[in-house]
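As structure tokens, the structure follows; a few thoughts come after it.
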Amino acid sequence: MTVGKGSLLMASRLRIFLVLGSLGGSQSFDLDPCSSKPGAQSACVGQVGGSAVACWTRSVGVSWACWSAASVPAWAFNAIRANAACQSMTDGLGQRSFGGACTFLPPGPRLAAAALPTLRSWAESYQLAAVTLQQMTLEEKQQILHGIGWDGPTFALLPGYYVGNTLPVPRLGLPSLNMQDAADGFRLYWHDMLDTGTCWPSLLAMAATWDQDAVRDFAVALGEEFAGKGANAILGPSVNVHRVARNGRNFEYISGEDPHLGAKLTTAYVEGVQSQGVFAVVKHFAFNEQETNRNTQSSNVDQKTAWNLYYPPFQAAVDAGVAAFMCSYNKVNGVYACSNGDLLNRDLKQRMGFQGFVQSDWWAAHEMSLGQGLDQEMPGTQNLWSVENLSEQNPQLVDDAARRVLAVMYKFDLPDTTKCAPMNCSAYLRANVTSAAHRSLSGSLAAESVVMLKNSDSVLPLSAANVKTIAIIGSAAAAPVYDPDGQGQGQGDWWRGDYYSGGGSGHVVASGVVTPLDGIRRQAQELGIKVVVPLDSSVAEALNVAYLADVVIVVTGTTAGESRDRESLHLDDGADDLIAAMVKQGKPTVVLMQVPGAIVMPWRDSVAAILVLFFGGEETGNAWASVLFGDRAPTGRLPLMMPESEADTIPPSSSLSVPYTEGLKTSYRNPLFKAAFLFGHGLTYTSFEYGAAEGGNCSVGAPEASEALQCIHLNVSNTGSRPGRTVVQAYVELPPEAGYETPVLRSFQKTGIIMPGSSQHILLSFSARELSFYDPGITGWQLPATVTAHIGESSQDIRQKVLLKVPGGGIIHPAEVPGFLLPAALIVLAIALIAGLVCGLQKRSSQGQGACSAFDSTGSEVEMLPLQH
């Protein structure tokens, strides 16, 4: 595209004006508002119909992108979508994209997310399933309840099959189920599938965004790729709450160490993926919190711990309409999860209200368990669900399982949308479903997930004004990708990962990866900054190049994979010693970590800056560069606690009986655990001030308040010099009966981009469940009369507290209630919960006046009146 002086470039529905000319000055990479750019207004005058409000340039003397207030798009508040669009633009000289430009547009009002396609209701789906079920033979029912596609003796997947498959039933128009792994993208199982799918950031990286919109955008794109590959199901998301810091699969788990964070992000994932006609299989249910002895150990967990700490993300998936659950390898309270009726029937199908079907993890079924709640055997090589075995079962159990699978088929319209049936799916499996748009989105998501833990003396962002030479060292700087190349599930080195994608069934080969060295060096060269690298991996050579640099960047990492836990929480390849040596040479040292979870950092007090990326996928190098050089201010927050030492974590147990005796006291919920960096912590390139928080009316029309029982309002102001985002976090202090020794996360909100000197109104909403705790004494949820919300930027960086009066709340003490009155007391509690929910649902018709009340930060009761807009 040729762009002349004053020409108008239309790109992604955004009016971009590129002004070519010589304005003088050196190369720059300036992303601040127009007011801080000499020459910006004169360069843009006459081009945008008035004063420019946001400007950007890579080269002051070559090109400018300018926006007026009138040309700012409505979606400007969403940094993820905006930057993905910007990265497809080039300037008049064909240079690299205007990535970063849209980040700094003045944000518009927060808008509701675009409506996703509506799926068929469960009720209608079950009606259709009932009609089909009446026509099915036992052999046909077995075809949809039993996996195919694997060679049992060798654990080898057969060519032309997905990781999970069932046979179609052509006579009844029923399709095959085509199911594929999942954690970091479509699993590119065979070598001839490489380069045909995106290697996305890990789910733990997505957790670090603390951004439901970002997760939803990711999930929609993921669903598009799976559909393009002919799959009608994704074997994800993985949502287990971390218990063991060294768990080899922690990188797969979107919950991090917190059930509320996991619940919110799980909802966004399930809704996004399933909107594309691809059904989700949430896993691993349940208590699969370590890989050590995963096939034989028993996780022994009480009901209070289960419902308060580990079940909420699974409940959120159910509430979001997830189609299927995968039961885990381990035992639960002495019984294998896939044969555990208390787990599958009582807790999942009855108490959680799950309406889809349950499938086994691959080879996790040990016996015929239809009666215990397992509906489908995977991958089918054990033949436990053979026609002969099914014929010996109660026909009602067989019908219930088949009905559940059929309902999922109809809910997602699979009879009309499924593209192929194995083994005739090779063309779809090899189809290239990635795109420039997805690659850009992957890079934006990775950058959004970067967590800056430390930035002494504002050494970052780097610029040509204060840095002439940087040294890039460390084994992860140019690390290769790992390709298992079709090795059988559980065989050979299939479990290995790399520094871009963790290992095992969730691994995606990032064949087009941008390494940290490539990404950082490319951008440094564009800015005129020299890059030096060592000739070998020795500490002596690293010291030689560090001597030549103004800033030393040490790129480190460690990886992890399925079926085994990490040996320690330290970085690979002697990185601790390397970092210590770099510090001694006296140059500012910036440490970048690509890791699968928690890390110990004995050198943390001596380095200048620390940033962490929980496996960023194929765009890792570009994500690092965009943050280091200030294209994007870091916005990630820790979804886990970085411990001071391994003693501040729960280690994996070698015992075959693993009691969860710590109960709720894991991560930041354990006051005895010392943190190097707190749960929820993350720095950026500006500062924020919190206005007075007040409990207030939920009937303000905000989508997140539609089901709220209580809400808190406050303004957040950017008091620094650069645009940025923050995450406002609310930790609720529950009464002693709840059993928590610290306040626990129950609400959060990531701001839009707030310009310097500007502010944004934040609404923190709380549902009845989010203000409650599970009490096994009443086999239900207790809603306190009052709670205290601690508002801040991490689990301990608390800026203020708000006392909330909970409508309809009040603790029931079973021991104090006569037995004959206890059922009535529980009914009253249920009515109170419903009344509270109705209060939260009141709309403008009633204005909610007088229905609810709260206390402000002084403890005075305030009436919840509607806010005026």
When you measure from the side chain of [X] to the backbone N and O of [Y], does any donor-acceptor pair fall under 3.5 Å?
{"X": "Glu770", "Y": "Ser747", "value": "no"}
{"X": "Ser360", "Y": "Met378", "value": "yes"}
{"X": "Asn340", "Y": "Val332", "value": "yes"}
{"X": "Thr266", "Y": "Ala263", "value": "no"}
{"X": "Trp362", "Y": "Val163", "value": "yes"}
{"X": "Gln303", "Y": "Pro776", "value": "no"}
{"X": "Thr209", "Y": "Met206", "value": "yes"}
{"X": "Asn165", "Y": "Ile148", "value": "yes"}
{"X": "Tyr329", "Y": "Cys338", "value": "no"}
{"X": "Gln180", "Y": "Tyr189", "value": "no"}

With side chains defined as the heavy atoms from C-beta onward, is the minimum distance between [X] and [Y] less than 4.5 Å?
{"X": "Phe279", "Y": "Val322", "result": "no"}
{"X": "Asp413", "Y": "Tyr410", "result": "no"}
{"X": "Asn178", "Y": "Pro422", "result": "yes"}
{"X": "Asn330", "Y": "Ser299", "result": "yes"}
{"X": "Leu204", "Y": "Pro639", "result": "yes"}
{"X": "Ile234", "Y": "Leu222", "result": "yes"}
{"X": "Glu291", "Y": "Gln297", "result": "no"}
{"X": "His366", "Y": "Gln382", "result": "no"}

On the ring face of [Y], is [X] found with NZ or CZ under 6.0 Å from the centre and within 45° of the axis?
{"X": "Lys229", "Y": "Phe186", "result": "yes"}
{"X": "Lys331", "Y": "Tyr336", "result": "yes"}
{"X": "Arg243", "Y": "Tyr660", "result": "yes"}

By ring pair (Phe, Tyr, Trp, His ring centres under 6.0 Å) - contacts of His242 (at least two apart): none
Does this structure show an ion pair linking [X] with [Y], if we count only N-O contacts that are shorter than 4.0 Å?
{"X": "Glu289", "Y": "Arg249", "answer": "no"}
{"X": "Lys141", "Y": "Asp399", "answer": "yes"}
{"X": "Asp319", "Y": "Arg769", "answer": "no"}
{"X": "Glu562", "Y": "Arg294", "answer": "yes"}

[X] side, atom [atom1]; [Y] side, atom [atom2] - distance, nearest 0.5 Å:
{"X": "Asp400", "Y": "Gln393", "atom1": "CG", "atom2": "CD", "result": "13.0 Å"}
{"X": "Ile254", "Y": "Leu265", "atom1": "CD1", "atom2": "CG", "result": "5.0 Å"}
{"X": "Gln127", "Y": "Thr132", "atom1": "CD", "atom2": "OG1", "result": "12.0 Å"}
{"X": "Leu172", "Y": "Leu406", "atom1": "CG", "atom2": "CG", "result": "9.0 Å"}
{"X": "Met368", "Y": "Leu374", "atom1": "CE", "atom2": "CG", "result": "8.5 Å"}
{"X": "Trp385", "Y": "Ile144", "atom1": "CH2", "atom2": "CD1", "result": "13.5 Å"}

Residues Leu343, Phe287; criterion side chain to side chain contact (heavy atoms under 4.5 Å, CB included); working and verdict: CA-CA 10 Å; Leu343 184 71; Phe287 313 113; 4.2 Å; yes
Quick one: do the [X] and [Y] side chains pair a donor with an acceptor below 3.5 Å?
{"X": "Asp775", "Y": "Gln782", "answer": "yes"}
{"X": "Asn232", "Y": "Thr418", "answer": "yes"}
{"X": "Thr305", "Y": "Asp302", "answer": "yes"}
{"X": "Thr166", "Y": "Gln143", "answer": "no"}
{"X": "Ser339", "Y": "Glu367", "answer": "yes"}

Gln396, CD atom: more than 12 neighbouring heavy atoms under 6.0 Å: no
Heavy atoms from other residues, nucleotides or ligands near CE of Met423 exceed 12 (cutoff 6.0 Å): no
Tyr311 and Trp307 aromatic ring geometry - parallel, tilted or perpendicular at 30°/60° bounds: perpendicular
Parallel, tilted or perpendicular: rings of His438 and Trp200 (30°, 60°): tilted
Evaluation steps, side chain to side chain contact (heavy atoms under 4.5 Å, CB included), between Thr196 and Val433: CA-CA 6 Å; Thr196 65; Val433 295; 5.8 Å; no
Verdict with supporting geometry, Leu414 and Leu177, side chain to side chain contact (heavy atoms under 4.5 Å, CB included): CA-CA 9 Å; Leu414 300 188; Leu177 297 184; 4.0 Å; yes
Identify the heavy atoms of [X] and [Y] that sit nearest to each other, and give their distance.
{"X": "Leu763", "Y": "Cys711", "answer": "CD2-SG, 4.2 Å"}
{"X": "Ala738", "Y": "Leu664", "answer": "O-CD1, 3.7 Å"}
{"X": "Pro312", "Y": "Asn308", "answer": "CG-O, 3.6 Å"}
{"X": "Pro379", "Y": "Trp150", "answer": "CB-CD1, 3.3 Å"}
{"X": "Leu119", "Y": "Gln274", "answer": "CD2-O, 3.7 Å"}
{"X": "Arg171", "Y": "Gln135", "answer": "NH2-O, 2.7 Å"}

Ring-ring centroid check Trp210 Phe748, cutoff 6.0 Å: yes
Centroid separation Tyr428 to Phe226 less than 6.0 Å: no
Residues Asp181, Val508; criterion side chain to side chain contact (heavy atoms under 4.5 Å, CB included); working and verdict: CA-CA 9 Å; Asp181 298 313; Val508 174; over 6 Å; no
Option among Arg404, His146, Gln359 that satisfies the side-chain hydrogen bond (donor to acceptor under 3.5 Å, both in side chains) test with Gln376: Gln359
